[in-house]
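Heads up: the structure comes next, in structure tokens.
Sequence lines set the chain letters: A, B, ... in the order given, protein chains first and strands last, and positions in each chain run from 1.
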Amino acid sequence: MGYDHLEIEKKWQRYWQQNKTFKATAKPGQKKYYALDMFPYPSGQGLHVGHPEGYTATDAMARFKRMQGYNVLHPMGFDAFGLPAEQYALKTGHNPKGFTNQNIDHFRDQIQSLGFSYDWDREVNTTDPKYYKWTQWIFEQLYKKGLAYEDEIMVNWAPDFMGGTVVANEEVIDGKTERGGYPVYRVPMRQWVLKITAYADRLIDDLDLVDWPESVKEMQRNWIGRSVGAAVYFKVAGQEDKQIEVFTTRCDTLFGASYVTLAPELDLVDEITTPEQKAAVKAYQEAASRRSDLERTDLNKDKTGVFTGAYAINPVNGAKLPIWISDYVLASYGTGAVMAVPAHDERDWEFAKKFDLPIKRVLVGGDLIEGAYTGDGEHVNSAFLDGLTIEAAKTKMLEWLEANGAGQKKVNYRLRDWIFSRQRYWGEPIPVIHWDDGTTSLVPEDELPLTLPDTDDIKPSGTGESPLANIEEWVNVYDENGRHGLRDTNTMPQWAGSSWYWLRYTDPTNEQAFASKEALEYWSPVDLYVGGAEHAVLHLLYARFWHKFLYDLGVVPTPEPFMKLVNQGMILGSNHEKMSKSKGNVVNPDDIVAEYGADTLRLYEMFMGPLEESVPWDEKGLHGANKWVHRVWRLLIDENNHLRDRVSTINDGKLDKVYHQTVKKVTADYERLHFNTAISQLMVFVNEAYKVDDLPVEYMEGLVKMISPLMPHVAEELWQKLGHEETITYQAWPTYDESKLVEANVEMIVQVNGKVRAKLKMPKDADQATAEQMALADEHVQKFTTGKEIKKVIVIPNRIVNIVVK
RNA sequence: GCGGAUAUGGCGGAAUUGGCAGACGCGCUAGAUUUAGAUUCUAGUGUCCUUGUGACGUGAAGGUUCGAAUCCUUUUAUCCGCACCA
């Protein structure tokens, strides 16, 4: 009878649960390690093989760190507000709560079947009022600090989506909703907005504090899009009370400005347009407003625009510049106005060519017939800037602008404030009351959580408001003086609950605070955070924003939440394509666990390749992983399920070197999350162990410990068979002896002109002369050296001898 | 268009500092065990040829170096992100 995964995995999962083996308790004085997974949205489809990849990596780290003496926090929870549940509710007329909780139970069962060492007493669920009480509390603190405000803004209105809802910019793809593909229109609406832009600089600068993939940092920097430049003020000729503020990163080219361009949507356009141009401007504005963003960018190779009839005065030389409108200038970026320098900006150059506007060179270099010159060079035709290069000219121009009140240094961001309201039922209600007298107030903190009304009557309101608007007994409120008001019917976006959950895990049942100061100080920050690359910007930016806000309030101890971030790669279908139902290449982890066991799945997913890379699923590879699980078992256990006689205290020394090498490599590789190479080293060790007669019990215990982070069930069972009663979870990690790795003789490579010609045993640390002499004396080497002049001999001790001949 | 990443046998991948390219696994070939299959065990497995003590070989082309998968320049392909951001 061999290894029976069904019986053994169930046995140890039960043991861990009954003994609360992984319960984490803050122990001041003991070093801690916080290993975190991005918590899942519990979809109706259940777990996907992609989920266990990241989960196994953090779990292996958690188990490894426990054995190294760390007090480990390794929690799991559910990000359970979200669209599918709401859609289900609208379709079936049931409350999404029951459906969501069912899905959570299913997910939890699936996750538990994989043997992860989570402390389930710390499970969080974003839809639990005890949890979202604190999501609402954080919103209220933002409101009190002026970082949550209502504004009439252009939003993405999707009237056919969910009975009409507003979606965030990032949820719009090619003018359609990311989910469902419904058309999106830009309309003004009153929305809750969070002032994430107030944190723009710190969100960029503090990226230097964390150990994250460079690609993610770069994406965040680009998303925030900080650009340093200048605001320059242009007076409108003949209307001296009117001023146009432009933003430029190239104030050094101000002498080369030949016209000014405004976004067609600007109010100022109507004020300055001359009567003769009114009709043309009006027509252009209408045409532009009808074009979607897509048409204004992707599809638009050709520049369009209309002259307003008005002129602006260049503050630096008094030149009269025509004012145009064009949709290549975006109202949403900067001030919606640019000074056009066609000689040194490609867009301006194209526009000037098309409308035959003057192109004035102010920098030496390039050919202005061909296109704009954007490189560096000496300035010309620029009065006090002549002879300077770009950087020096910028500084000097800024000084001039400031001294003359014509402009100043300015920083601009691409990042916009975060539209925070959704017109949905299944989200955290925004705890705000709008009174009939026009005032607005927060739901008092001691009345939180403001819970969702428990109703099956969830229908679109039809007005653009959420289904909550239909529920009169919830919406209508009266204060102690009988004053009537209406609750805000907006709910928060799904990002809200996930913007602080790692803090809640540190103290998940606290009713006085979102977490105690002691718990936060002990467990913060998260040491390792693993999740998909799709969250590189949004989740991670919002999470950092909230964390920093709480840091400023003095309620969390670190400026950044996640010290090390790793994006696991995708597991592709066996056809190298992304797994999807329509392609029929989806693998269900339940089937793998049933057939091969969780240990095999875990081992295979970690052996497939580097954690960060996307790798195709391979049934044969999975089978190979299973073979190795059995191979380890058989190494130690005989056909009668007893420990083999070969495992004893006898050590003939044959495994010394490879064992110590293995401990060294596996320890270092686990530390770097290089599980695939750690596993390959363990395979090498097992292969060697099969070749010898005596298996020292010390080494076998070391082996079982080293496989335990990856294959915990089989490791527990083997540990028990080795005669131990306690779980392997808290056993000390094996150590290695550096002296066992070195031998008296080393093999040195002898090259002639860089080509390997011999491999010679030499005494360790043989000096240069000895090594050279031995190499030259070698018979085979001589075949390549005789009759040739030896120019040089390079000796790298204990490694290589390279003989250069001619 | 801009930015980032990747490219190594039939496949997944390894090579921590510029020092034996292809560890480990899959697959394949041959043999052993087995009634047979599965399993297990042993040996072999980059390409080429004149089978050697050989030549070539890390997307392509150059370069630096005694020595390059690794460093530099150019280039191609794929993936990801952004995209008239002034």
Touch class at under 4.0 angstrom, heavy-atom based, for Lys410(A) against every strand present: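 Answer is nothing: Lys410(A) stays at 4.0 Å or more from every strand.
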Rounded [atom1] spacing from [N] to [M] in Å:
N: U74(B); M: U64(B); atom1: C1'; value: 15 Å
N: U40(B); M: A5(B); atom1: P; value: 42 Å
N: A68(B); M: A61(B); atom1: C1'; value: 16 Å
N: A69(B); M: G62(B); atom1: P; value: 15 Å

Minimum heavy-atom distance Ile571(A)-Val49(A), with the two atoms named: CD1-O, 3.6 Å
Nearest atoms (heavy-atom pairs only) where Phe255(A) meets Val362(A): C-CG1, 3.8 Å
Base of C66(B) paired with side chain of Lys791(A) (donor-acceptor, under 3.5 Å):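 Between C66(B) and Lys791(A), which were checked side chain against base, a qualifying N/O pair under 3.5 Å is absent.
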Ser215(A) side-chain proximity, nearest of G12(B), A86(B), G4(B): G4(B)
Paired and unpaired positions of RNA chain B as dot-bracket, Watson-Crick or G-U wobble under 3.5 Å, | denoting a partner strand: (((((((..(((......[....)))((((((.......))))))((((..).)))..(((((..]....))))))))))))....
Candidate list Val750(A), Val805(A), Val804(A), Val801(A), test side-chain contact (heavy atoms from CB on, under 4.5 Å), partner Val793(A), passing option: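 Of Val750(A), Val805(A), Val804(A), Val801(A), side-chain contact (heavy atoms from CB on, under 4.5 Å) with Val793(A) is met by Val801(A) alone.
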Under-4.0 Å salt bridge between Glu350(A) and Lys353(A):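 Result for this pair is no, no salt bridge flagged.
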Reading 5' to 3' through nucleotides 21-30 of chain B, protein heavy-atom contacts under 4.0 Å coded B for base, S for sugar-phosphate only, - for none: --BBSSS---
Short side-chain donor-acceptor distance under 3.5 Å, Asn412(A) and Ser227(A):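 Note: Ser227(A) and Asn412(A) side chains miss the donor-acceptor criterion.
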Below 4.0 Å: OP1/OP2 of G54(B) and any side-chain N or O of Arg757(A): yes
Short side-chain N/O contact from Ser614(A) to OP1 or OP2 of C79(B), under 4.0 Å: no
RNA chain B-proximal residues of residues 252-260 of chain A, any heavy atom under 4.0 Å: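 By residue number: none to list.
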Row check, Tyr328(A) ring normal vs Lys303(A) NZ/CZ: under 6.0 Å, within 45°: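 Output yes; distance and angle both within limits.
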For atom CH2 of Trp349(A) and atom P of G1(B), their distance in whole Å: 17 Å
